[in-house]
Amino acid sequence: MTQDKTKIALVTGASRGLGKNTALALAKKGVDVIVTYHSSEAEAKSVVSAIEEIGRKAAALQLDTGNTKIFDGFVAQVKQLLQEKWQTEQFDFLVNNAGIGLHKPFAETTESDFDRLMNIHLKGVFFLTQKLLPSIKDGGRIVNISSGLARFAIPDSSAYAVMKGGVEVLTRYLAKELGERQIAVNTIAPGAIETDFSGGAVRDNQKMNDFVASQTALGRAGVPDDIGGAIASLLSEDNRWVNAQRIEVSGGMFL
Ligand code: NAP
């Protein structure tokens, strides 16, 4: 049997970027991790190896968070994995992180752009969390990843930001309804971070990077290491009484 003290996290979209960084930060804090990937299987496997090198258990599962039809099958895979690898039926922490960007003016955003973002960022988060609920321990935690863009407005992000706004409202409702199971639910809202996100725009476009730095109190764009540790520390015992909050991790953008 898994010892009571060993926590298990499931982080969606952990093959790259912020999800990968979160998975590694959790492992460094002694948490075992199930990482999910969409298309980057090799990257996900190397995240699993890196977690194992830290001394924690890990496994990778394929998941498209934009396709609710496959969620029952995914949940069955999670259950089987928990049984085989951890001899347990439930995990402790769910981090809803997977996502894509879209930079398009409101006037040019198509219905299919909107649907794609909605399926991945809002409908997917809603129903994946619902279907995983029986597999989350009482006393567990959920972190939903939003964005600074749900608070401030930068042109060309309306559809994306609307979904993140929805996720922030969902966080509060989940916190209310899951309180009876002692499950705390919070939002982490990163600022602009240097990852592959949106074609690597914040990392690779110097003009964009300089603009972000100029609008950030701490004077630079964010890097993945600014986020993973924040999520891992939110999931630590020290932060167990933090519930239903939106915590922006942006170095102080657009104050
Ligand atoms: P990233 O480097 O592009 O990584 C995205 C991750 O999500 C990858 O692991 C990818 O998996 C996965 N993914 C993409 N589409 C998916 C789908 N349909 N189903 C399942 N997984 C999918 O992006 P990131 O910067 O780490 O972003 C992570 C989260 O932070 C997103 O929710 C994003 O909205 C949010 N965020 C990012 C920033 C930023 O500036 N970077 C700022 C605020 C919020 P594969 O590689 O396997 O396909």
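Counting convention: from 1, in listed order, for ligands and their atoms alike. All values below were derived from every heavy atom in this structure, side-chain atoms included, with hydrogens, water molecules and symmetry-related copies excluded. Numbers here are sequence positions counted from 1.
The shortest separation from a heavy atom of S146 to ligand 1 is under 4.0 Å, placing the residue in contact. Residue-ligand proximity: E43 is placed with every non-hydrogen atom at 4.0 Å or more from ligand 1.
Residue-level proximity to ligand 1 for K20 is absent, since no heavy atom of it falls below 4.0 angstrom. Neither the backbone nor the side chain of T36 comes within contact range of ligand 1; no heavy atom lies under 4.0 Å.
The contact set between ligand 1 and I145, taken as ligand atoms under 4.0 Å from a residue heavy atom, comprises 30 (O), 35 (C). When each atom of ligand 1 is checked for a heavy atom of S147 under 4.0 Å away, the hits are 43 (C), 44 (C). Residue G17 approaches ligand 1 through these ligand atoms, each under 4.0 Å from one of its heavy atoms: 2 (O), 26 (O). Atoms of ligand 1 lying under 4.0 Å from any heavy atom of I100, numbered from 1 in the order shown and given with element: 14 (C), 15 (N). Contact atoms of ligand 1 toward I120: 18 (N) (distance under 4.0 Å to a heavy atom of the residue). Heavy-atom proximity to T195, at under 4.0 Å, picks out these atoms of ligand 1: 2 (O), 23 (O), 24 (P), 25 (O), 41 (N). Heavy-atom proximity to Y37, at under 4.0 Å, picks out these atoms of ligand 1: 47 (O).
When the shell of 6.0 Å around CD of Q130 is examined, it contains more than 12 heavy atoms from other residues, nucleotides or ligands. Atom CD of E89 is surrounded by 12 or fewer heavy atoms from other residues, nucleotides or ligands within 6.0 Å. For F152, the CZ atom sits in a packed shell: over 12 heavy atoms of surrounding residues, nucleotides or ligands are nearer than 6.0 Å. Around atom CZ of R246, more than 12 heavy atoms belonging to other residues, nucleotides or ligands sit under 6.0 Å away.
Taking atom 23 (O) of ligand 1 as the reference point, the nearest protein heavy-atom neighbour is F197 CD1, 3.5 Å. Shortest contact from atom 19 (N) of ligand 1 to any protein heavy atom: T65 N, 2.8 Å. Given atom 38 (C) of ligand 1, the protein heavy atom at minimum distance is G191 O, 3.9 Å. Closest to atom 7 (O) of ligand 1 among all protein heavy atoms lies G99 N, 3.4 Å. From the protein, the heavy atom lying nearest to atom 1 (P) of ligand 1 is R16 NH1, 3.8 Å. Among all protein heavy atoms, the one lying closest to atom 22 (C) of ligand 1 is H38 CB, 3.5 Å. Among protein heavy atoms, atom 37 (C) of ligand 1 sits closest to L18 CD1, 3.8 Å. Protein heavy atom nearest atom 18 (N) of ligand 1, with residue, atom name and distance: D64 OD1, 2.9 Å.
Taking distance alone, with nitrogen or oxygen atoms compared against 3.5 Å, H121 stays at or beyond that limit from ligand 1. Residue S15 has at least one N or O atom closer than 3.5 Å to an N or O atom of ligand 1. Remark: ligand 1 and N97 share an N or O pair separated by less than 3.5 Å (distance only, no angle test). For A192, no nitrogen or oxygen atom sits less than 3.5 Å from a nitrogen or oxygen atom of ligand 1, counting backbone and side chain alike. Checked against a 3.5 angstrom limit, the closest N/O atoms of P190 and ligand 1 fall outside it.
When V202, L128, N67, L63 are checked for heavy-atom proximity to atom 20 (C) of ligand 1, L63 turns out nearest. Counting only non-hydrogen atoms, the option in S40, G228, A98, G124 that gets closest to atom 21 (N) of ligand 1 is A98.
Checked for salt-bridge contact, D226 and R220 meet the test: a charged N lies under 4.0 Å from a carboxylate O. Between E41 and K45, at least one side-chain N (NZ, or NE/NH1/NH2) sits under 4.0 Å from a carboxylate O, which counts as a salt bridge.
Considering CD of Q90 and CG of L82, their distance stands at 9.0 Å, rounded to 0.5 Å.
There is no path of hydrophobic side-chain contacts, each under 4.5 Å, that joins I247 to V185. By the criterion of side-chain heavy atoms lying less than 4.5 angstrom apart, applied directly or through intervening Ile, Leu, Val, Met, Phe, Trp or Tyr residues, F91 is not grouped with V48; the two fall into different hydrophobic clusters. No continuous path of hydrophobic side-chain contacts links L63 to L18 [ILVMFWY only; heavy atoms under 4.5 Å].
Within the 3.5 Å criterion, the main-chain N or O of A9 finds no donor-acceptor partner in the side chain of D92.
Not counting sequence neighbours, the partners of S250 by the side-chain hydrogen bond (donor to acceptor under 3.5 Å, both in side chains) test are E248. Scanning for side-chain hydrogen bond (donor to acceptor under 3.5 Å, both in side chains) contacts around N209 gives E194, with sequence neighbours left out.
Note: F197 and Y160 have tilted aromatic rings, judged against thresholds of 30 and 60 degrees for the angle between ring planes.
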(Q) With side chain to side chain contact (heavy atoms under 4.5 Å, CB included) as the criterion, how do T22 and N97 come out once you've worked through the C-alpha distance, each side chain's angles and the decisive distance to 0.1 Å? (A) CA-CA 9 Å; T22 300; N97 163 80; 5.6 Å; no

